[in-house]
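Data block below; observations after.
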There are 2 protein chains.
Amino acid sequence: MKKYKILANEIIEFIIEKNLKRGYKLPKVNEFQQTFGYGKSTVLQALTLLDQQGIIYKVQGSGVFVRRNPGDLKEYVALTENLGFYSNNQNVKTRVLKLEELRLPPKWAVEKGLPASPCYSVKRIRIKEDGPFVIEHSYYSQQSVPYLSREIVEGSIFSYIRQALGKDIRFSEKYMHVVKLTDEQAEFLQLEENDPALEIKEVFSLSDGQIFDVSRLVYNYKNSKFFSQSSDEILS
Amino acid sequence: MKKYKILANEIIEFIIEKNLKRGYKLPKVNEFQQTFGYGKSTVLQALTLLDQQGIIYKVQGSGVFVRRNPGDLKEYVALTENLGFYSNNQNVKTRVLKLEELRLPPKWAVEKGLPASPCYSVKRIRIKEDGPFVIEHSYYSQQSVPYLSREIVEGSIFSYIRQALGKDIRFSEKYMHVVKLTDEQAEFLQLEENDPALEIKEVFSLSDGQIFDVSRLVYNYKNSKFFSQSSDEILS
DNA sequence: TAGTGGTCTAGACCACGGG
DNA sequence: CCGTGGTCTAGACCACTAG
């Protein structure tokens, strides 16, 4: 494990365990250096990672402070993470509506960058305790995901890709707009036709930049909330 | 100007000027080092910045590639930037509905972290060529923004804070959900009651972590699209 | 196995904040 | 002014990719 990740994890643990809140002042950079015996750049690397994740913020000339206790956002879909649709919420059941192979993905998926070659088409509904949560229609390029079964698709496809195929999801883009539900969508989500919904088109890429998944998601407005964050040009 | 920012800007210029597309292979790290006479870490810092902004991606053992031509997203509201509501779209007019001082912000704003002290309340409508775009209801803490006038509020408040007050917006959080419009909102947006809308609560902080602005935005679903992106734990 | 990006260090110097 | 975080370098060594 890389040193900066070890340190980052330690700090996260520390914040969770002590239940620290926004504004709490963390140890200084040189204290972390001494405690762990790391170089300054390595400590800054760890802090930068946490800064990007929204956990802390650094103030030049002053110190390092807690921004958010991770785990305070359980109910939210985190748009700024490389996840399909659920953040920390694990009480989600999956109902598979369709799994088939296609010679070619639909045009809109190819326009978003999915290779124009054979793919899997997966249609699922995700259900929380309080009802249907999201309709998900995904296309997986067989170039990157050569095999999918009903069983895999009933669980987490991303976990399968990571663990069984040993591939890492590296980055994603999400395009959103608000729509009125069609009759069919409303039925799946147990809502009324013309009820509001958020539609998200997602594009996921592997470490080599290859696009392997393009999806269209339609969320139930009654039980879905979303979260996004940004930091100004932070690094080192 | 910092070296890594100079390099980052040069690369962006290069991509725009040559109109490069996703997958284009950029010069190697050591070529940038030699061309600019920079150290390796500095070059990596610049590339990391661009990676975080979604402009490029680095593939270990292979090279550096273009991910997106900046400026390909003009029509989208970029949720992953520290902007109020418009990304690159500059054809936006502002209609000020209200500007007043309050002893205390409303409860929900204080819960989001706005100091429980005097503030400005600003209500505005943003209008694009094709009609009303968003209703914006903002609260600015007088601790950070001691003075606002009608004139300032008719322009860009963020520009004013940056330029006149010399303060930097450092990070933000955005909480979203989909709603049905009330009668009043519908009238402002020239839509119908119960039409869909995206409501976003935004929290903005300065470089010292101080929260200075909490806002509630309600977007017109007919002319608003949103964009978000993420990268897996990138740094150095 | 050569080439390319990633991690890490030690240390010099810079820039900002607060007393 | 001192302390704290930020930038930058040179260079060693690691890890992954591709031919």
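Quantities reported herein were computed from a predicted structural model and do not represent experimental measurements. Letters go in sequence order (proteins before strands), and every chain restarts at 1.
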Ignoring the backbone of [X], work out which of [options] is nearest its side chain.
X: Gln45(A); options: dA10(C), dT7(C), dG5(D); answer: dT7(C)
X: Lys40(B); options: dG6(D), dT9(C), dG6(C); answer: dG6(C)
X: Gln60(B); options: dG6(C), dA10(D), dG5(D); answer: dG6(C)
X: Lys3(A); options: dT9(D), dC8(C), dT4(C); answer: dC8(C)

For the pair made of [atom1] in [X] and [atom2] in [N], what is the distance, rounded to whole Å?
X: Arg170(A); N: dT17(D); atom1: CZ; atom2: P; answer: 12 Å
X: Gln34(B); N: dG3(C); atom1: CD; atom2: P; answer: 13 Å
X: Phe32(A); N: dT4(D); atom1: CZ; atom2: C1'; answer: 14 Å
X: Leu44(A); N: dT7(C); atom1: CG; atom2: P; answer: 15 Å
X: Phe65(A); N: dT4(D); atom1: CZ; atom2: P; answer: 11 Å
X: Phe36(A); N: dT9(C); atom1: CZ; atom2: P; answer: 12 Å
X: Tyr57(B); N: dG5(C); atom1: OH; atom2: C1'; answer: 15 Å
X: Asp208(A); N: dG6(C); atom1: CG; atom2: P; answer: 14 Å

Note: for Met1(A) and Val59(B) on DNA chain C, the residue whose nearest nucleotide lies more 5' is Val59(B)
Using heavy atoms to find the nearest nucleotide of DNA chain C for Ser62(B) and Thr42(A) separately, return the residue whose nucleotide is more 5′.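 Comparing both residues, the 5'-ward one is Ser62(B).
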Below 4.0 Å: OP1/OP2 of [N] and any side-chain N or O of [X]:
X: Lys58(B); N: dG5(C); value: no
X: Asn30(A); N: dT4(D); value: yes
X: Tyr4(A); N: dT7(C); value: yes
X: Lys2(A); N: dT7(C); value: yes

Geometric cation-pi criterion, Lys167(B) with Phe158(B): 6.0 Å, 45°: no
To check you understand the geometry: which heavy-atom pair defines the closest contact between Ile161(B) and Leu165(B), and what is its length?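 In terms of heavy atoms, the two residues are closest at O-CB, 3.2 Å.
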Taking all atoms of both residues into account, what is the closest heavy-atom pair of Gly155(A) and Arg124(A), and its distance? O-NH1, 3.1 Å
May I ask you to decide whether Glu136(B) forms a salt bridge with Lys123(B), counting only side-chain N to carboxylate O separations under 4.0 Å? no
For dG19(D), which nucleotide in any strand shown is its Watson-Crick or wobble partner with both distances under 3.5 Å?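 Pairing partner, where one exists within any strand: none, as none qualifies.
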Within the 4.0 Å heavy-atom criterion, would you say Gly61(B) contacts the bases, only the backbone, or no part of the nucleic acid?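 Result for Gly61(B) = base.
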Supply the atom-to-atom distance Gln143(B) CD to Leu114(B) CG, rounded to the nearest 0.5 angstrom.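 If I round to the nearest 0.5 Å, the distance is 8.5 Å.
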